[in-house]
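Let me begin by presenting the structure, written as structure tokens, before commenting on it.
Lettering of chains follows the sequences in order, A, B, ..., and the numbering in each one begins at 1. Basis for what follows: all heavy atoms, side chains included, without hydrogens, waters or symmetry-related copies.
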Amino acid sequence: DAKTTQPTSMDCAEGRAANLPCNHSTISGNEYVYWYRQIHSQGPQYIIHGLKNNETNEMASLIITEDRKSSTLILPHATLRDTAVYYCIVRVRAAGNKLTFGGGTRVLVKP
Amino acid sequence: DAGVIQSPRHEVTEMGQEVTLRCKPISGHNSLFWYRQTMMRGLELLIYFNNNVPIDDSGMPEDRFSAKMPNASFSTLKIQPSEPRDSAVYFCASSQSGGLGTEAFFGQGTRLTVV
């Protein structure tokens with residue numbers, strides 16, 4: 001699976017959009033971009049995934065650049081409960097394929 | 001569905017004792033993953049199963065660690081003998097491996113302290 005690079009930490013204001021970048025310059029054609037988050041003392045939680053088109057669900061939006069070498073996770077209206085470590089993962093979307101976590105971005109939402 | 005269920009939630013044991021961690025995956029999911037999380041090393045994949053068969057155990061740190069999945073609804077991770085450096089939070093996750101598969105769902109973890 002391709003390696004990803006994320007900022008170690010970032011702050012954002014409550015109620016504002018939080019934009020979390022991820023670089024994956026070695027991504028291959030059949031690899032998807034996944035985002036998970038881990039709130040303190042809990043197990044990681046799936047947020048969203050995409051291949052090349054932008055994706056949106058009730059939690060977030062995922063913007064993938066045209067060359068697919070980077071992406072941005074957008075939390076449209078950050079709340080204090082969005083404070084967590086966010087992981088960007090690139091993997092082949094195959095049945096039962098493993099999920100490998102990097103360091104992630106520690107996001108602190110401030111009032 | 002109750003999600004992935006892990007037990008116990010907390011375990012404190014003495015060095016040298018055997019420790020068994022348990023996991024019940026989500027019904028219908030046939031991929032199961034064991035992870036370990038520490039401050040120093042982050043989230044590490046220890047082993048994963050597809051259809052009850054171990055696929056990749058390269059993350060298992062040493063022979064003291066073993067994992068089994070006797071059926072589709074139960075898995076164990078055993079440490080024997082335990083050492084203080086095994087202290088960590090251990091997570092179990094499951095996913096559905098049909099077609100392209102689905103995202104993984106994680107349990108709440110077992111916090112293990114070896115003294």
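Neither the backbone nor the side chain of B:N51 comes within contact range of chain A, judged by heavy atoms closer than 4.5 Å. For a residue to count as touching a neighbouring chain, one of its non-hydrogen atoms must lie under 4.5 Å from one of that chain's; by this rule B:Q37 touches chain A with the side chain only. With a threshold of 4.5 angstrom between heavy atoms, B:L43 approaches chain A through its backbone and through its side chain. Of the atoms belonging to B:Y35, it is side-chain heavy atoms, and not backbone ones, that fall under 4.5 Å from chain A.
Other residues, nucleotides and ligands place more than 12 heavy atoms under 6.0 Å from the CZ atom of B:R64.
Ring pair A:F101/A:Y87 is perpendicular by interplanar angle, where above 60° counts as perpendicular and below 30° as parallel.
The most heavy-atom pairs under 4.5 Å with chain B, out of A:P44, A:G102, A:G104, come from A:P44.
The closest side-chain donor-acceptor pair between A:S25 and A:N23, if any, does not fall under 3.5 angstrom.
Shortest non-hydrogen contact noted between B:E103 and A:Y36 is CB-OH, 3.6 Å.
In the hydrophobic clustering of this structure, B:V115 does not group with B:L112; members are Ile, Leu, Val, Met, Phe, Trp, Tyr whose side-chain heavy atoms approach within less than 4.5 Å, directly or through other members.
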